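The structure appears right after this line, and notes come after that.
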Amino acid sequence: MKIGVVVFPGSNGDHDAYHVVGKVVGKPVEFIWHEVDRLTGLDAVILPGGFSYGDYLRTGAIARFSPVMKAVRQFAVEGGLVLGICNGFQILCEAGLLPGALMRNRGLRFICKHVYMRTENVNTPFTLSLRPGQVLKIPIAHMEGNYFADESTLDSLEAHPQVVFRYSTADGRINDEANPNGAARNIAGICNDAGNVLGMMPHPERASESVLGSEDGRLIFESMVSNLVVR
Amino acid sequence: MKANVIVTLKKTVLDPQGKAIHHAIQSLGHHAVTEVRQGKFFEMEIEGIADESTARQEVERIAHDVLTNPVIEEFSYEIKK
């Protein structure tokens with residue numbers, strides 16, 4: 001198997017994702033420059049965190065038009081795994097590969113801290129190694145993490161179910177106090193209809209080694225890898 | 001031709017920046033201002049299109065596809081010769 005990490009001008013989470021996949025989880029990984037317009041020999045693609053195009057216009061608004069995104073869309077349509085982390089999630093929403101939008105945090109502050117998120121759906125390739133309701137400690141670092149969609153879209157996400165992670169307390173309660181940015185229904189991560197595209201605001205690649213304060217993020221990468229093994 | 005496009009958050013979307021700006025305006029004593037919402041303004045120079053109707057279609061397309069996120073924003077525009 002091989003996993004690709006896309007690099008846009010301004011991405012800064014690419015090396016961390018590359019390190020976790022290659023050295024911590026130990027699978028073949030390669031960088032994909034954003035001007036590449038076809039993806040070959042890849043089983044999964046990661047859109048990393050950062051500030052692609054300086055967040056000009058809107059976060060992820062310009063990256064969605066990069067040549068690589070046509071290939072990522074086709075890759076997703078064909079069932080390939082796509083993981084969007086932070087800016088990657090923003091790009092997936094701008095590209096229409098996931099519904100909704102990420103707006104400015106309601107407190108108008110850039111938030112950089114560990115949060116807890118509860119696993120709401122373990123029937124995705126990214127969460128199959130987790131238990132329903134399992135709480136993960138993962139850091140966030142964002143100014144635009146406030147997930148928004150209209151009520152009917154949110155109801156449809158709940159029903160399908162496409163809500164994968166929700167901000168929670170350490171013991172798994174969902175309340176406003178545990179919501180760092182005002183995201184609708186405490187949504188921290190969602191998947192598409194087919195379940196092969198996941199977008200999440202927290203950074204699992206920054207929580208895959210105990211020296212960084214949590215290894216919970218590694219479970220997401222390991223789920224992805226074990227899903228790829230059985231395909 | 002010149003196209004001026006104004007992009008604003010939809011009314012149903014929370015605008016904390018607008019609220020913060022309103023608070024600042026109020027604190028300076030301008031109590032007549034009851035609400036502030038913040039938006040964006042784009043100026044586009046257009047050449048090589050002769051009729052206004054085609055220019056309008058172009059501007060609407062660009063505004064929809066690039067200048068706004070239709071999930072949370074809407075736009076209005078004017079064309080000037």
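Lettering follows sequence order; numbering is per chain, from 1. Not measured: the values here are computed from a predicted model.
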Rounded at 0.5 Å granularity, tell me how far [atom1] in [X] sits from [atom2] in [Y].
X        : Y         : atom1 : atom2 : value
Leu9(B)  : Phe148(A) : CG    : CZ    : 9.5 Å
Lys19(B) : Arg106(A) : NZ    : CZ    : 12.5 Å
Leu14(B) : Met103(A) : CG    : CE    : 6.0 Å

Residues, nucleotides or ligands: over 12 heavy atoms within 6.0 Å of Lys10(B) NZ
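Atom NZ in Lys10(B) is packed in, count exceeds 12.
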
Please say whether more than 12 non-hydrogen atoms of neighbouring residues, nucleotides or ligands are located less than 6.0 Å from CZ in Arg56(B).
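Enclosed: over 12 neighbouring heavy atoms sit under 6.0 Å from CZ of Arg56(B).
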
Between [X] and chain B, which part of the residue has a heavy atom less than 4.5 Å away: side chain, backbone, both or neither?
X         : value
Ala61(A)  : neither
Leu57(A)  : both
Asn105(A) : backbone

Is it the side chain or the backbone of Lys40(B) that comes within 4.5 Å of chain A heavy atoms, both, or neither?
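Contact with chain A: side chain only.
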
Using a 4.5 angstrom heavy-atom cutoff, name the option from Val71(B), Ile72(B), Leu67(B), Asn69(B) with the most pairs to chain A.
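The answer is Asn69(B).
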
Would the distance check show the side chain of Arg58(A) and the main-chain N or O of Thr68(B) forming a donor-acceptor pair, the cut-off being under 3.5 Å?
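Checked: pair present.
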
Output, in order, the C-alpha distance, side-chain angles, deciding distance and verdict of side chain to side chain contact (heavy atoms under 4.5 Å, CB included) for Val66(B) and Phe65(A).
CA-CA 9 Å; Val66(B) 184; Phe65(A) 292 116; 4.0 Å; yes

Which residue out of Ala101(A), Gly107(A), Cys93(A) racks up the most heavy-atom pairs below 4.5 Å with chain B?
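Looking at each option in turn, the highest pair count goes to Ala101(A).
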
